[in-house]
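Read through the structure below, which is laid out as structure tokens, and then see the notes.
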Amino acid sequence: MGTLVYKIKPHADIELGFDREELDYYVTLPDSGVTEETGLILTIPGFGGLANSSYQIEKLNPYLAEKYNCIVVSLNYFGIYRGTETKLDDHFIHNMETVYGVSSTYWHNISSDNDFYTKVGELLESKGISKLDHRCQPLKITGRQEYQSFGFLPALDNLTVLGEVLKNYPAINKKKIIAYGSSYGGYIAMLCGKFAPHTFSVIIDNSGFSRSEMKYIVGREILETDLAVTVNFHNKFYTVPFAYNNPWTIMDETSRHYFGDSHKQIRNLLVREHRVKSNTRYYIFHCEEDQIASVEDKDKVTALLINYNSTYYKRVGMNDLDGALFKTYAHAMDASLRKLFDHVAEQDKEYGLVKETSENEFSNNEVNSLNCGIKNYVFNFKNDFTMNVTITDNIKTEYNLINSYQIMSKLLDVCESIDEGFNFIVTKIAARDYNETFGVMQDILDAHTAINLQIDTFSRFLGENNLRSVNEQFKNSLSMTVVHFNNEDWDLLDNQLSQQVIPYFLAWKKELHHIITPYITH
């Protein structure tokens, strides 16, 4: 059994537009080869880990491949090369002078991290303090000219590589696809399940995050530490807080790098509207005293998940520490990842880590649109095992038609409201009661206009259809209706509604149902 190394063109950075380099990923095959019974496991490293670390390549991945008859894949995803170097930028030097009165020349002749830590140790010792002020965070640089996307791009990278492996090994048992990660890796695995809810048979999360952790995104702006380094100087310990060189900001809403509510929602595992029922089974483990990833948030995630998926949740307490599986009462519990997978396999033995069907987002040409406030994140999967994700604007409207729509997934509900509006008008006219009819007709006109505006935002995703022509017929008939309303020609209006408007509306509504229904996340 050996490990194969591949490179792949990654998904575009659709949020900030950074250029992206090819990614390397590592494939470990079982000794017996790949058969129709062979599954696939994504093992996703967390902070500080690499796909090609000796632990991944020599211990974890071969163990899982052989014991569970799976192709095991690990990827050096976007942002994985954290802390490749230290940078003392103008912000740090200026604040050190402002806070401590340290001249910029103090930092000359530094050629290594050890030189820097010695300088900091001397300074803190002279000031009689044990840690640098949070305003004075030096930078840790992320390799490959990347930044911390915090889950989003890493999840897209893992799904992209998953598609590539499924294409390269067509015999894989697509009922047995597993995502497995610890800490940040567990969070990425959970995001993969959110973005592709029908693809995985099992997702395993050990101590992952549940939402955006702002200290890893804009630590300098909120004066929180991304990474704290302990320095031993003259047998005393000093703390140096670091931030990473992230382009994000929450201070400047006009910046194209503004990290807003839409960015938060796509990364949030707690958004109910982003969940659908699926056959994926979740196994989640979290320390009760986790000081890094909130256990309270994980409680909420699992309370939500059980409404949609089979979910096993273990809150690891002090009594659960056994020195073998769970070793420490802290973040990630220093858990043995091999034993933890074995534990999940034992819990899942009724199913054998397999789901009922081989269907997945790729085979179904699935389009998942996740509403994130003013933006929609649209995941377009193809049966050639490729995936394209785009961001579209979510148009707001002013009209109020029963339950006025705000997002694409509500378009068909608005059609039903228009239908009810027409029934209301026809009933009123038949009874010679014309009160309120004009107001309802105005609502219908506004709704029709707003629906067309919304369709324009995602029309490029739609297949071939007849919507334009039936919409033109409906639109023209509505124009004549307005004339009859304005002239109060009630008999002509009644005839116009029954002979043209409503039949054209029903044809338009039917075409909308036909082309939109496959794209709606139920």
Side-chain angles (χ1 to χ4, degrees), residues 261 271-273 369-376 392-459 461-462 465-522:
D261 288 343
V271 181
R272 182 176 294 274
E273 291 75 17
S369 180
L370 301 184
N371 172 40
C372 297
I374 64 172
K375 300 289 184 181
N376 288 318
T392 62
D393 291 329
N394 206 354
I395 292 179
K396 300 290 183 180
T397 59
E398 300 299 330
Y399 70 90
N400 180 18
L401 177 64
I402 306 175
N403 296 312
S404 62
Y405 87 90
Q406 296 179 336
I407 58 176
M408 185 181 85
S409 62
K410 299 297 183 183
L411 289 179
L412 300 186
D413 291 340
V414 178
C415 284
E416 296 303 322
S417 296
I418 292 175
D419 206 342
E420 293 173 11
F422 279 131
N423 289 336
F424 175 84
I425 292 173
V426 169
T427 300
K428 285 283 190 178
I429 292 175
R432 301 298 177 182
D433 179 2
Y434 309 120
N435 292 329
E436 304 180 62
T437 55
F438 184 79
V440 174
M441 179 55 70
Q442 186 60 54
D443 283 345
I444 289 173
L445 293 170
D446 290 342
H448 176 248
T449 299
I451 287 176
N452 284 326
L453 287 172
Q454 184 74 354
I455 288 172
D456 286 343
T457 69
F458 60 86
S459 59
F461 300 117
L462 302 177
N465 61 78
N466 195 37
L467 187 61
R468 184 181 295 274
S469 61
V470 294
N471 181 58
E472 195 65 24
Q473 289 178 320
F474 180 38
K475 179 181 177 182
N476 291 338
S477 67
L478 281 175
S479 298
M480 287 300 301
T481 302
V482 172
V483 173
H484 297 323
F485 258 110
N486 290 337
N487 295 332
E488 297 187 0
D489 293 332
W490 304 113
D491 290 337
L492 290 175
L493 174 61
D494 190 16
N495 184 67
Q496 175 75 8
L497 287 170
S498 62
Q499 297 299 316
Q500 292 192 16
V501 176
I502 293 178
Y504 288 149
F505 161 70
L506 293 175
W508 176 70
K509 175 184 169 184
K510 181 179 179 181
E511 188 69 8
L512 276 178
H513 270 271
H514 173 69
I515 64 175
I516 291 178
T517 298
Y519 296 88
I520 293 179
T521 302
H522 296 287

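We use all heavy atoms of the structure for the numbers below, so side chains are in, but hydrogens, waters and symmetry mates are not.
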I'd like to check the side chain to side chain contact (heavy atoms under 4.5 Å, CB included) partners of [X]; sequence neighbours left out, ordered by chain and number.
X	answer
Gln500	Ser477, Gln496, Tyr504
Asp494	Ile429
Asp261	Lys264, Gln265
Val482	Leu445, Asn486

Inter-residue atom distance [X].[atom1] - [Y].[atom2], 0.5 Å rounding:
X	Y	atom1	atom2	result
Thr481	Asn476	OG1	CG	10.5 Å
Thr392	Lys375	OG1	NZ	8.0 Å
Ile502	Phe474	CD1	CZ	9.5 Å
Leu506	His513	CG	NE2	10.0 Å
Ser498	Leu493	OG	CG	9.5 Å
Lys510	Leu467	NZ	CG	14.0 Å

His448: what forms a side-chain hydrogen bond (donor to acceptor under 3.5 Å, both in side chains) with it, not counting sequence neighbours? Asn452, Asn471

For Ser469, give me all partners under side-chain hydrogen bond (donor to acceptor under 3.5 Å, both in side chains), at least two apart in sequence or on another chain.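 If we apply the side-chain hydrogen bond (donor to acceptor under 3.5 Å, both in side chains) test to Ser469, skipping adjacent residues, the hits are Asn466.
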
With the side chain counted from C-beta on, respond yes when Glu488 and Tyr434 share a heavy-atom pair under 4.5 Å apart, and no when they do not.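 Heavy-atom side-chain distance check fails, nothing below 4.5 Å.
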
Using the test salt bridge (Lys or Arg N to Asp or Glu O under 4.0 Å), find all partners of [X] that sit at least two apart in sequence or belong to another chain.
X	answer
Lys428	Asp433
Asp419	Lys509
Arg432	Asp491

Could you go through Val271 and Leu370, starting from their C-alpha distance and side-chain angles, then the distance that decides it, and tell me whether this counts as side-chain contact (heavy atoms from CB on, under 4.5 Å)? CA-CA 10 Å; Val271 181; Leu370 301 184; over 6 Å; no

Kindly write out the residues that satisfy ring pair (Phe, Tyr, Trp, His ring centres under 6.0 Å) with Phe438, not counting sequence neighbours, or none if the list is empty. Phe485

Please name the pair of heavy atoms, one in [X] and one in [Y], separated by the smallest distance, quoted to 0.1 Å.
X	Y	value
Asn423	Thr427	O-OG1, 2.8 Å
Cys415	Trp508	SG-CZ3, 4.2 Å
Leu497	Ile425	CD1-CG2, 3.8 Å
Gly421	Ile444	C-CD1, 3.9 Å

Could you please spell out the steps behind the side-chain contact (heavy atoms from CB on, under 4.5 Å) verdict for Ile374 and Asp393? CA-CA 6 Å; Ile374 64 172; Asp393 291 329; over 6 Å; no

